[in-house]
Amino acid sequence: MIEARHLRVLRAVASTGSFSAAGRELGCTQPAVSQQMKALESSVGTPLLVRTGREMRLTQAGEALVRHAAGIIAGLTAAEEEVAAIAGLRAGRVRLVSFPSGSSTLVPTALAALRAAHPGTRVSLEEAEPPNSVELLREGDCDVALAFRYEGAAGAEEWDDLVVRPLLTDRLVALVPDGHRLARTEGSVAIGELARESWIAGCPRCRGQLVEVCEGAGFSPRIDFATDDYPAVVGLVGAGLGVAVLPQLAVESVRPRGVRTVALEPAVRREIVALTLPDLAQVPAVVATLDELARAGARQSAAR
């Protein structure tokens, strides 16, 4: 019989490449890791690891077991959490991963409400952009992932294997310096009117979307600056060094000074969602987190 603790050890060895490194990650000794790996190989009846110098390499059977381990561990976690809630423990743990503009807008409101309603529930937060955040979820390294995808974008991610909770729809807006010729424009502006401008690009996915939208309008943007830091994008625009296109949520996550936002045509939107695994969608603490994130998204939309 395969034990969950042995699967956790196998995943640690596979990710770190050695028994000693896996022991450090798991907080146990190297002999303890070696002993548990022997027990797992005995259970399955075939070698799972091959020693190559100082590192460990997975056999074909080991690769197969690691591939299934995330789902198995997620299912066991779901069972443990649900049983604890039914037993009246009233405690929970949720590992949340979010992209930066979500972390500074939706997440604080949601977690404050969650703490007030369920003080026994603990939530940890890490930041990662999709698709990395989605991959962390699939690998069992988080319980809820905030992600986004652009409407109609080529190669949009498939989330058919995940539980998808829509939060809000976010529209791209243009940022121009306060003294720009379009700064006082009422209504929308065709993105082609910015074709001759210098551009400041945001995160890699937003940058790719910018190029795609501009090329659809018949021009290639001249990108003079590129940064993942939204306040830096706003600062560069405010200094008159160019224009930018950012998701509205990203603009709302900073205090824009010296810039104006302008609605764009054609409208480009991204869908912001919270994702989890099907097994974890039954865990009370995860359900409560998803509910509060959805409420935070609704409030964010209503405030616009």
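Worth saying up front: this structure is predicted, and the values here are computed from it rather than measured.
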Taking C-beta and beyond as the side chain, do [X] and [Y] meet within less than 4.5 Å on heavy atoms?
X: Arg95; Y: Glu126; answer: no
X: Ser133; Y: Leu146; answer: no
X: Leu106; Y: Ile272; answer: yes
X: Leu65; Y: Ile2; answer: yes
X: Glu212; Y: Tyr150; answer: no
X: Asp224; Y: Leu241; answer: no
X: Glu292; Y: Leu111; answer: no
X: Asp161; Y: Arg138; answer: yes

### Query
If you round to the nearest 0.5 Å, how far is CG of Leu137 from CG of Leu277?
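Leu277 atom CG to Leu137 atom CG measures 4.0 Å (nearest 0.5 Å).
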Atom [atom1] of residue position [X] - does it have more than 12 heavy atoms of other residues, nucleotides or ligands inside 6.0 Å?
X: Arg122; atom1: CZ; value: no
X: Arg184; atom1: CZ; value: yes
X: Arg196; atom1: CZ; value: no
X: Glu63; atom1: CD; value: yes

### Message
Checking Val144 against Val286 for the side-chain contact (heavy atoms from CB on, under 4.5 Å) test, could you report, in this order, the C-alpha distance in whole Å, the side-chain angles of both residues, the deciding distance, and whether it holds?
### Response
CA-CA 7 Å; Val144 177; Val286 172; 3.9 Å; yes
Counting only N and O atoms by type, is there a donor-acceptor contact under 3.5 Å from the side chain of [X] to the main-chain atoms of [Y]?
X: Asp170; Y: Leu249; value: yes
X: Arg11; Y: Glu139; value: yes
X: Ser34; Y: Gln30; value: no
X: Thr289; Y: Ala285; value: yes
X: Arg171; Y: Leu264; value: yes

### Task
Determine, stepwise, if the pair Ser103 / Glu127 fulfils side-chain hydrogen bond (donor to acceptor under 3.5 Å, both in side chains).
CA-CA 7 Å; Ser103 298; Glu127 287 193 343; 3.1 Å; yes
### Task
Please step through side-chain contact (heavy atoms from CB on, under 4.5 Å) for the pair Arg93 and Val283, ending with a clear verdict.
CA-CA 10 Å; Arg93 177 182 61 88; Val283 176; over 6 Å; no
### Query
Which is it for Leu293 and Arg165 under the side-chain contact (heavy atoms from CB on, under 4.5 Å) test, yes or no, and what are the steps along the way?
CA-CA 9 Å; Leu293 286 168; Arg165 187 72 174 269; over 6 Å; no
### Task
Check step by step if side-chain contact (heavy atoms from CB on, under 4.5 Å) holds for Leu58 and Leu49.
CA-CA 5 Å; Leu58 291 170; Leu49 295 164; 3.5 Å; yes
### Query
For the residue pair Gln209 and Val268, what are the closest heavy atoms and their distance?
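For Gln209 and Val268, the tightest heavy-atom pair comes out as NE2-CG1, 3.5 Å.
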